2 protein chains.
Amino acid sequence: MKIPDRTVERVILYRRRLRTLHAAGQVRIYSHELAGVEGVTPAQVRRDLMTIGYTGSPAKGYEVAGLIAKIDETLNPHQDEGVVLVGVGRLGKAFLAYFAGQANHLPVVAAFDVDPEKAGRLVHGCRCHGLDELETVLAERSVRVAFLTVPGDAAQEVADRLVRAGIRGLVNLAPIRLRVPPEVYVEYLDITVSLEKVAFFARRDARAAARSS
Amino acid sequence: MKIPDRTVERVILYRRRLRTLHAAGQVRIYSHELAGVEGVTPAQVRRDLMTIGYTGSPAKGYEVAGLIAKIDETLNPHQDEGVVLVGVGRLGKAFLAYFAGQANHLPVVAAFDVDPEKAGRLVHGCRCHGLDELETVLAERSVRVAFLTVPGDAAQEVADRLVRAGIRGLVNLAPIRLRVPPEVYVEYLDITVSLEKVAFFARRDARAAARSS
DNA sequence: GGCATACTGTGAATGTATTCACAGCGTGAT
DNA sequence: ATCACGCTGTGAATACATTCACAGTATGCC
Ligand SMILES: NC(=O)c1ccc[n+]([C@@H]2O[C@H](COP(=O)([O-])OP(=O)(O)OC[C@H]3O[C@@H](n4cnc5c(N)ncnc54)[C@H](O)[C@@H]3O)[C@@H](O)[C@H]2O)c1
Ligand SMILES: NC(=O)c1ccc[n+]([C@@H]2O[C@H](COP(=O)([O-])OP(=O)(O)OC[C@H]3O[C@@H](n4cnc5c(N)ncnc54)[C@H](O)[C@@H]3O)[C@@H](O)[C@H]2O)c1
């Protein structure tokens with residue numbers, strides 16, 4: 001079953017909202033309620049849930065707990081898997097701090113940096129290694145996903161090495177497009193591009209716009 | 001002339017690459033060269049340039065300098081405009097540091113935080129104000145775009161206030177969807193969602209994937 | 001000068017995403 | 001029991017984005 005990129009993104013948003021509602025004691029939800037919160041149409045919500053194969057009932061809507069379970073099962077069929085972060089600079093440290101404070105099912109299990117100053121230290125509870133240990137740690141922890149927060153001119157080189165070490169997914173914060181083999185998925189978070197885009201659309205009469213990232 | 005979201009994004013990437021090439025002395029470029037670097041097809045590049053109304057010549061390709069000028073003119077028809085940042089936390093500080101080191105045509109002209117500790121201080125060369133000065137500063141500098149790096153539970157409230165103060169575009173880093181009037185454009189940079197998406201696609205056989213953000 | 005080349009510009013085709021619109025149904029009201 | 005309601009699930013329609021494919025053409029070469 002193939003789930004399109006856009007749908008995956010929205011389903012992740014639904015899940016986040018559903019968890020909050022579940023914690024607040026809500027048992028059922030209608031497509032238009034979820035839609036309202038996430039800024040999409042009810043039809044889209046129904047189509048998305050159909051895509052992941054979850055079925056509600058016309059009179060009662062969707063069961064919050066059941067839907068969360070279905071999403072978990074669809075998106076995270078395996079055990080919690082660790083991710084790593086390469087480039088413990090300002091941005092990298094902010095990320096480590098942020099993820100340290102979260103009970104995530106995708107914990108950051110290790111960080112890496114060329115700077116020998118940083119090797120061996122704990123940064124917000126996350127062990128920072130020298131680059132020489134990269135292959136070993138990745139293999140030990142069987143990590144498949146990495147954050148890339150190194151300077152732009154080191155990014156390709158580091159990405160190559162990560163891919164060789166078995167990484168299959170990258171969240172790239174460096175302002176360059178990476179060349180990777182087709183089986184590696186890259187998500188680009190390009191802050192400068194986002195800013196320029198917003199500056200452009202802020203000028204014209206933008207549609208409310210949703211789109212995540 | 002309406003330029004689609006996706007095209008704007010790619011054009012911004014082309015411009016970044018073109019600036020590097022121009023600095024390196026390259027005078028002309030073919031669609032397939034630009035495409036190769038940015039991970040899109042040559043046909044797409046040509047279509048994008050057609051959309052912004054730039055014309056090359058079959059034998060010589062596109063003129064690097066002319067194309068940059070055309071993109072600038074299309075995307076940034078006005079003078080350099082300042083942007084502001086609200087929420088001088090870990091992420092906000094990283095951004096301020098980053099943009100301070102760049103000669104950007106979208107300079108961060110002011111920052112804001114509720115924390116009285118931060119008010120009045122200079123953070124990486126950027127003046128940090130208390131929230132009470134928000135309306136005044138925005139009006140003075142006629143700022144239309146803002147970064148939102150406050151905690152999730154403050155984001156909606158701050159966004160409302162920014163919109164009331166005249167903001168027309170937001171780059172939102174907080175993990176919630178904002179309710180804003182339709183004339184306000186919001187770009188979501190949701191790091192957790194990106195991570196989860198990558199974790200999902202890293203598992204299946206991902207297509208090389210481009211997509212920015 | 002004439003010709004072969006390799007590109008661009010673009011209509012048309014294809015592919016993908018979203019929305020419409022409605023049949024069908026379980027529920028709660030009566 | 002029966003009915004009316006308001007929801008879901010989904011085929012079909014639409015809208016949007018990408019790619020194909022090729023005519024047209026400026027250039028450099030001989
Ligand atoms: N900070 C921001 O707000 C911001 C905004 C937009 C983009 N970015 C991008 O994010 C990336 C990181 O930004 P930053 O501000 O944290 O930079 P930074 O300079 O603070 O940190 C970069 C870190 O990477 C390390 N590093 C350098 N080369 C490395 C290598 N080959 N292997 C491993 N580690 C290496 C450095 O030692 C440093 O600790 C950059 O590509 C930057 O362009 C940052
Ligand atoms: N740090 C990360 O790597 C990371 C990753 C993903 C998402 N985020 C999101 O980015 C946002 C900022 O993250 P952070 O790590 O910088 O948090 P932080 O707690 O370090 O910083 C938040 C800042 O916002 C200020 N603030 C709080 N309420 C405010 C208000 N009403 N008006 C103005 N300022 C206010 C606080 O004083 C603080 O300085 C959060 O929404 C967080 O969820 C951060």
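Everything quoted here is computed from the prediction, not taken from an experiment. What's counted below: heavy atoms across the whole structure, side chains too, no hydrogens, waters or symmetry copies. Chain A is the first sequence line, chain B the second, and so forth, proteins listed ahead of strands; every chain is numbered from 1.
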Check whether the side chain of A:R6 and the base of C:dT16 form a donor-acceptor pair under 3.5 Å.
-> no
note: B:E63, atom CD; D:dT27, atom P; distance rounded to Å ~ 10 Å
Rounded to whole Å, the NE2-P distance (B:H32 to C:dG9) equals 14 Å
More than 12 heavy atoms of other residues, nucleotides or ligands under 6.0 Å from CZ of B:R141: is that the case?
-> no
Would you please classify the geometry between the B:Y185 ring and the A:F201 ring as parallel, tilted or perpendicular, with 30° and 60° separating the classes?
-> parallel
Which heavy atom in A:V143 sits nearest to a heavy atom in A:V145, and how many Å separate them?
-> CG1-O, 3.3 Å
Evaluate side chain to side chain contact (heavy atoms under 4.5 Å, CB included) for B:F95 paired with B:L173, printing each intermediate quantity in order.
-> CA-CA 11 Å; B:F95 284 11; B:L173 279 289; 3.8 Å; yes
Ranking A:T7 and A:R28 by the position along DNA chain C of their nearest nucleotide, the one closer to 5' is A:T7
DNA chain D: 5'-proximal contact among A:P58 and A:M50 (nearest heavy atom) | A:P58
Whole Å only: how far is the NZ atom of B:K60 from the C1' atom of C:dT8?
-> 13 Å
Under 4.0 Å between any heavy atoms, over every strand shown, what does A:T55 touch: base, sugar-phosphate, or nothing? Just pick one.
-> sugar-phosphate
Provide, to the nearest angstrom, the distance between the CD atom belonging to A:Q44 and the P atom belonging to D:dT14.
-> 19 Å
Length of the CG-C1' vector between B:D5 and D:dA17, whole Å = 12 Å
Please report, rounded to the nearest Å, how far the C1' atom of D:dC16 is from the NZ atom of B:K2.
-> 8 Å
Given C:dT8, D:dG9, D:dT19, which nucleotide is nearest the side-chain atoms of B:R46?
-> C:dT8
Below 4.0 Å: OP1/OP2 of D:dT19 and any side-chain N or O of B:T41 | yes
Nearest heavy atoms of B:E135 and B:A165, plus distance in Å | CG-CB, 4.0 Å
Choose from D:dG9, C:dT18, C:dC20 the nucleotide whose nearest atom is closest to any side-chain atom of A:A43.
-> C:dC20
To the nearest Å, how far apart are A:R47 CZ and D:dG11 P?
-> 8 Å
Winner on side-chain proximity to B:Y30, out of D:dA12, D:dT19, C:dT8, is C:dT8
Whole-Å distance separating the CG atom of B:L49 from the C1' atom of C:dC7 = 14 Å
If you look at every strand shown and take non-hydrogen atoms under 4.0 Å, does B:S31 touch a base, only sugar-phosphate, or nothing?
-> sugar-phosphate
